[in-house]
Amino acid sequence: QDLLMSCSMPAIEVGTVGGGTGLEAQASLLDLLQVQGPNRETPGENAKQLARLVCAGVMAGELSLLSALAAGHLVKSHMQHNRAQPSPASGNTLPLTSTPSPLSNTMIPSPSRPKSTSTTASGEGS
């Protein structure tokens with residue numbers, strides 16, 4: 001079976017002329033992608049091609065993420081690198097529980113929310 005993907009980025013702003021495109025690192029990458037400078041035959045074509053390349057990179061990343069989710073690799077990796085528990089530096093102290101993933105038989109960590117309490121003007125919970 002074929003896989004059809006599309007990416008719509010209606011407001012992406014890229015440029016191949018002006019701004020930071022003359023800086024050494026930016027210019028060398030634009031040159032590597034063969035979109036540096038203006039397109040003499042079709043003005044704006046290099047910028048359109050750069051936008052297509054950015055969109056292709058986004059789609060590749062999304063496909064990689066979806067395949068990792070479907071295979072359970074993303075969850076395993078997070079558990080292996082101890083990302084199941086929030087770090088004290090993050091300030092997130094909510095306990096994590098597992099919920100079934102709709103894409104596979106794996107479990108996805110998700111934060112469990114404490115029951116909300118109302119606070120009076122004196123700051124005491126009700």
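Residue numbers count from 1 along this sequence. In what follows, every heavy atom counts, from backbone to side chain, and hydrogens, waters and symmetry copies are set aside.
Tracing side-chain contacts under 4.5 Å through hydrophobic residues (I, L, V, M, F, W, Y), one never reaches Leu4 starting from Leu63; they form parts of separate clusters. Note: the hydrophobic cluster containing Ile12 also contains Leu33 (ILVMFWY, side chain heavy atoms under 4.5 Å, direct or indirect links). Under the 4.5 Å side-chain heavy-atom criterion for Ile, Leu, Val, Met, Phe, Trp and Tyr, Leu53 and Val58 are members of the same hydrophobic cluster.
In this structure, NE2 in His73 is found 11.0 Å from OG in Ser64, a value given to the nearest 0.5 Å. Atom CE of residue Met9 and atom CE of residue Met59 lie 10.5 Å apart, to the nearest 0.5 angstrom. Between Lys48 atom NZ and Leu50 atom CG the span is 13.5 Å, to the nearest 0.5 Å.
A donor-acceptor contact shorter than 3.5 Å is absent between the side chain of Thr16 and the backbone of Asn46. The closest donor-acceptor contact from the side chain of Ser28 to the backbone of Glu24 lies under 3.5 Å.
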| Going through the distances and angles, do Arg52 and Glu45 end up as a salt bridge (Lys or Arg N to Asp or Glu O under 4.0 Å)? | CA-CA 10 Å; Arg52 288 184 201 105; Glu45 186 58 33; 3.3 Å; yes

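When side chains are defined from C-beta on, Val35 counts as touching Gln49, because their heavy atoms get closer than 4.5 Å.
Here the rule is side chain to side chain contact (heavy atoms under 4.5 Å, CB included) with Thr21, and of Leu30, Leu29, Val14 only Leu30 fits it.
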